[in-house]
Amino acid sequence: MSAEPIAFIDLQAQRRRLGARLDEAVLSAINEANFILGRQVAEFERALESFCGAKHAIGCGNGTDAIALCLMALNLRPGDAVLVPSFTFASTAEVVAWLGASPVFVDIEDETYTLDPAGLEQGIAAAKTANLIPRALISVDLFGQPADYDPIEAFCAHHGLTLICDAAQGLGASYQGRLVGSVGTFTTTSFFPSKPLGCYGDGGAILTDDERHAELLRSLHVHGRGTDKYDNVRIGVNSRLDTLQAAVLLEKLAVFPEEIAMRDRVAGRYQDGLADVVSVPRIRQRCTSVWAQFTIRVAASHRAAIVADLKAKGIPTAIYYPKPLHRQTAYRHYPCAGNGLPVSDRVADEVLSLPMHPDLDAKTQDVVIAAVRECVSKA
Ligand SMILES: *Cc1c(COP(=O)(O)O)cnc(C)c1O
């Protein structure tokens with residue numbers, strides 16, 4: 001067993017691997033002293049555009065603001081509804097409520113944890129029953145795997161909904177040959193340190209191919225400015241990607257393709273080592289995941305004991321997410337599609353995420369795999 005404690009996400013190991021190039025990037029940003037919207041921000045936006053194959057990237061303060069800004073660009077208002085999965089991080093629904101509109105919760109697929117296209121019609125019906133106007137749908141690339149975009153896009157087109165792809169966990173993945181960031185009207189992402197592409201603080205970005213929306217977003221995220229900085233043409237917010245974070249991100253994006261391959265190897269070793277004893281993730285045909293999490297499923301009645309056993313063996317785990325949003329105090333009064341969301345309810349009781357990061361070496365991972373096998377068979 002390794003002397004170091006096993007990390008759930010080892011940012012120190014990544015930092016060691018990046019070495020002096022990161023020191024130099026941060027130091028030159030400090031020396032240049034253009035802390036707000038310095039050259040690194042524009043450089044990173046252009047680099048992100050080419051990485052994702054999107055026409056426009058707009059940096060912003062975090063992944064939550066990124067979604068909120070898209071909804072502001074759509075002029076979302078009270079009385080409007082946005083279809084969102086219930087099994088996700090709170091941001092996805094929070095921003096809808098924040099603008100006075102109403103999230104309508106829909107269910108996910110049992111095997112991929114992303115939106116179930118078959119349940120979306122019921123979401124529209126639930127919105128209409130509540131006298132709401134369905135305006136948009138936010139899909140989530142949960143745990144790093146893109147949502148099932150073909151049927152979701154067709155559904156959105158049929159109902160005139162704007163598709164916003166919340167790719168806080170999915171940046172760098174692909175859906176049947178299409179890169180995440182090139183699907184939907186908007187793609188949003190987060191650079192929170194633990195995301196696949198993380199910075200050293202908060203950060204986020206929006207990707208879009210639409211020139212008009214891009215222009216609007218560039219105004220909205222800096223107080224609604226017009227062509228002159230002190231002539232505000234609309235009500236906006238202050239949500240900028242920090243120059244220092246952009247400097248970090250330029251270095252991290254340069255090695256991101258390599259890290260995605262490393263993540264894939266880690267996921268492959270988990271699949272090989274665990275598939276015969278627990279339920280392991282399933283990735284759709286001709287799709288890739290960036291493995292924001294490696295999430296297994298165990299019997300609900302045994303999960304707490306398995307977590308405790310693993311902890312006693314020095315294996316950190318996490319539960320994303322223990323309670324679907326439609327069951328949470330802040331959200332339970334919003335409409336749900338159909339007769340409840342049975343898949344969201346079930347998976348919330350069964351999921352368990354294992355240590356996952358590009359620098360997880362085979363030896364350490366063998367320790368994790370052996371511990372999981374032992375704890376699961378005992379339970
Ligand atoms: C992390 C995350 C967000 C929010 O990103 P922040 O940068 O923390 O605001 C939104 N959606 C999903 C699915 C996330 O995982």
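Both ligands and their constituent atoms are indexed starting at 1 by order of listing.
- The protein non-hydrogen atom at the shortest distance from atom 1 (C) of ligand 1 is Lys195 NZ, 1.6 Å.
- Residue Asp166 touches ligand 1 through its side chain alone, judged by heavy-atom distances below 4.0 Å.
- In terms of hydrophobic clustering, with Ile, Leu, Val, Met, Phe, Trp and Tyr side chains grouped at heavy-atom distances under 4.5 Å, Leu216 and Ile67 are assigned to a common cluster.
- Under the 4.5 Å side-chain heavy-atom criterion for ILVMFWY residues, a single connected hydrophobic cluster contains both Ile9 and Val307.
- Only the side chain of Val140 comes within contact range of ligand 1, with a heavy atom under 4.0 Å; no backbone atom does.
- Between Ser190 and ligand 1, an N or O atom pair is found at a separation short of 3.5 Å.
- Close approach to Ala168 involves these atoms of ligand 1, each under 4.0 Å from a residue heavy atom: 2 (C), 3 (C), 10 (C), 11 (N), 12 (C), 14 (C), 15 (O).
- A cation-pi geometry, defined here as NZ or CZ lying under 6.0 Å from the six-membered ring centre and within 45° of its normal, holds between Lys195 and Phe89.
- When hydrophobic clusters are built by joining Ile, Leu, Val, Met, Phe, Trp and Tyr residues whose side-chain heavy atoms come closer than 4.5 Å, directly or via intermediates, Leu249 is not grouped with Ile30.
- Near Thr88, meaning under 4.0 Å from any of its heavy atoms, are these atoms of ligand 1: 13 (C).
- In this pair, His326 and Phe105 present their aromatic rings tilted. The plane angle is within the 30 to 60° band.
- Screening Phe51, Phe44, Phe191 against Phe256 for a ring pair (Phe, Tyr, Trp, His ring centres under 6.0 Å) leaves a single residue, Phe51.
- Among all protein heavy atoms, the one lying closest to atom 4 (C) of ligand 1 is Ser91 OG, 3.3 Å.
- Between the side chains of Arg234 and Ser219, at least one donor-acceptor pair of N or O atoms lies under 3.5 Å.
- Heavy atoms of Thr188 found under 4.0 angstrom from ligand 1: none, in either backbone or side chain.
- Nearest protein heavy-atom neighbour of atom 9 (O) of ligand 1: Thr64 OG1, 2.5 Å.
- In summary, the atoms of ligand 1 found under 4.0 Å from a heavy atom of Asn62, numbered by their order in the structure, are 7 (O), 9 (O).
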